[in-house]
Amino acid sequence: MAERIAYIVTHKRFAVSSPIVSQVARLLGAYGFSVTVLDSDSDGTQPAGRKGFSVDPSAEIVVVLGGDGTILRAVEIVKGTQVPVIGINLGHIGFLAEFESFEISKAIKRIAEKDYTIEKRMIADVELWLPHRPEPVHDWALNDTVVYHGANSPMIQVGITVDDVAVSSFGCDGVIASTPTGSTAYAFSAGGPIIWPGVKALELLPIAAHALFTRPLIAGSESSFGIHVLEVQGDDAVMTCDGRRVHTVPADSRITVRESADTLRLARLSGALFADRLVTKFNLPVVGWREQAERRIENGGPLQNTVGGSRASGTEKFIHFPHYLGTGGFNQAINDGLSEMDQYRMFNDFRADED
């Protein structure tokens, strides 16, 4: 019988002190796995184009204990193989993670029984063409490739191409070229749209562009984005891939981003839709203030404020998010004649104390 091989990738602080790591290793071992634990910080940030440690291609699963940053480390060691990755969220949002830490025993049982589906995520190929060098530096990104100004440079001047056709140029702090997976990461924070994972596309958006007309660009996966660093002021620009692999970028360098032949295989234990994940991870307010108030008055108790179900027990002072008062607090607010804005301020004051 072939040996079952599993890897655990976790953050350094969890590897040293968290009982969850030893719990997961013990559970996997009980199901017959040979387990190797890897520290996500073991090699730190690497130069772009450098190939590091890779998992045994015959491994069955890589279990990630941490947040999305730790998952990005796991992707580095499985790229080019068919080994799937599954995440246990010990971070904050954990958008790529499949389940939370309190579900570990049940989840490991299903992993051992191969009771999961595989979701393929697009990866981007990255080529950095440096001036006076005949061959490019090759890299890749699951989330994004970012080109930004150096530490002592106020901005960079860039030219943007799509399929080798010049479409724009401007001064900016930087440029993000993102996959659909990365659209909920840096690109989202910079004001870009969310792209569903099943959409084969690439997204490009500037960071703080000094121009009137700069909007995100979305191109099909058969297309490529080009970023030409026309001018730097002071230090050379910098390119990062997934925030982990770094290269300096002098003036007249060119970066090309296109779809890779490789994909990430994410193991999924549930059939939750991506829209469900958006609502859950970002705690989206799917029921408005007025509707919330009307239902509370009609029902006299907690209500369902998300697609997932009731968020209030009736004994909580506040619902965590969206900005709704819990049942007792809401009734008191009515008695006190508080407006919706007053209730909102009360919620934020409470959250500030809680944090």
Starting from the C-alpha separation in whole Å, work towards a yes-or-no answer on side-chain hydrogen bond (donor to acceptor under 3.5 Å, both in side chains) for D252 and H228.
CA-CA 7 Å; D252 203 30; H228 183 190; 3.0 Å; yes
Find out whether V146 and Y186 are in side-chain contact, i.e. whether some heavy atom of one side chain is under 4.5 Å from a heavy atom of the other.
yes
Gap between atom CG of D164 and atom OG1 of T161 - 0.5 Å precision:
5.5 Å
Within a strict 4.5 Å, meaning less than it, do heavy atoms of the D139 and L128 side chains meet?
no
Atom CD1 of I176 and atom OG of S189: how far apart are they, to the nearest 0.5 Å?
8.0 Å
Quick one: does D163's side chain get under 4.5 Å of S224's, heavy atoms only?
yes
Are the side chains of R121 and P180 in contact, using a 4.5 Å heavy-atom criterion?
no
Under a 4.5 Å cut-off applied to non-hydrogen side-chain atoms, are P250 and V232 in contact?
no
Non-hydrogen atoms of C172 and V158 that approach each other most closely
SG-CG2, 4.0 Å
Quick one: which residue pairs count as a side-chain hydrogen bond (donor to acceptor under 3.5 Å, both in side chains) with a foot in residues 143-152, not counting sequence neighbours?
N152-D235
The side-chain contact (heavy atoms from CB on, under 4.5 Å) partner of I20 among T10, I8, I104 is I104
Quick check: do T70 and L65 have side-chain heavy atoms less than 4.5 Å from each other?
no
Minimal non-hydrogen separation, V83 against E60, with atom names
CG1-C, 4.4 Å
Any chance you could lay out the side chain to side chain contact (heavy atoms under 4.5 Å, CB included) test for C241 and H247, step after step, and finish with the verdict?
CA-CA 9 Å; C241 295; H247 205 292; over 6 Å; no
Please step through side chain to side chain contact (heavy atoms under 4.5 Å, CB included) for the pair L269 and K106, ending with a clear verdict.
CA-CA 10 Å; L269 300 180; K106 181 171 66 174; over 6 Å; no
Please determine whether residues F274 and F188 belong to a single hydrophobic cluster, defined as Ile, Leu, Val, Met, Phe, Trp and Tyr linked transitively by side-chain heavy-atom distances below 4.5 Å.
yes
Heavy-atom pair with the smallest gap, counting every atom of I111 and R4
O-NH2, 4.3 Å
Heavy-atom pair of closest approach, residues V257 and A124:
CG1-CB, 3.9 Å
For E135, which residues count as a side-chain hydrogen bond (donor to acceptor under 3.5 Å, both in side chains) partner, sequence neighbours excluded?
none
Under a single-linkage definition using a 4.5 Å side-chain heavy-atom cutoff for Ile, Leu, Val, Met, Phe, Trp and Tyr, are I227 and M155 assigned to the same hydrophobic cluster?
no
Is Y7 reaching over with its side chain to a backbone N or O of D56, donor-acceptor style, under 3.5 angstrom?
yes
Any residue meeting side-chain hydrogen bond (donor to acceptor under 3.5 Å, both in side chains) with D115, in chain and number order, not counting sequence neighbours
R110
Is there a path of hydrophobic side-chain contacts, each under 4.5 Å between heavy atoms of I, L, V, M, F, W or Y residues, that connects I77 with I71?
yes
Gap separating the CZ atom of F53 from the CZ atom of R73, nearest 0.5 angstrom
7.5 Å
Rounding to 0.5 Å, atoms CG (L266) and OG1 (T181) come to a distance of 7.0 Å
Side chains of V249 and D236 in contact at under 4.5 Å (non-hydrogen atoms)
no
Do the side chains of F225 and V162 get nearer than 4.5 Å, heavy atoms only?
yes
Under 3.5 Å, side-chain donor or acceptor atoms of residues 192-219 against the rest of the protein: list the pairs with distances, not counting sequence neighbours.
unit_1, atom_1, unit_2, atom_2, d
K200, NZ, E259, OE2, 3.2

Once rounded to the nearest 0.5 Å, what's the spacing between atom CG of D125 and atom CZ of R258?
7.5 Å
W140 backbone acceptor or donor facing R245 side chain under 3.5 Å:
yes
Residue set satisfying side-chain contact (heavy atoms from CB on, under 4.5 Å) with R265, at least two apart, ordered chain then number -> Q82, P84, I118, K120
Could you give the distance from CG (D262) to CE (M122), rounded to the nearest 0.5 Å?
12.0 Å
Can you get from Y116 to I86 by hopping between Ile, Leu, Val, Met, Phe, Trp and Tyr side chains that sit under 4.5 Å apart?
yes
Under a single-linkage definition using a 4.5 Å side-chain heavy-atom cutoff for Ile, Leu, Val, Met, Phe, Trp and Tyr, are I5 and L38 assigned to the same hydrophobic cluster?
yes
Using atom types as modelled, flag every donor-acceptor pair under 3.5 Å from a side chain in residues 30-37 to any protein atom, sequence neighbours excluded.
unit_1, atom_1, unit_2, atom_2, d
S34, OG, E3, OE2, 3.3

Given 3.5 Å as the limit, does a donor-acceptor pair link the side chain of T179 with the main chain of L142, or not?
yes
Pair R254, E127 - check salt bridge (charged side-chain N to carboxylate O under 4.0 Å, His left out), show working.
CA-CA 8 Å; R254 297 175 182 269; E127 291 180 345; over 6 Å; no
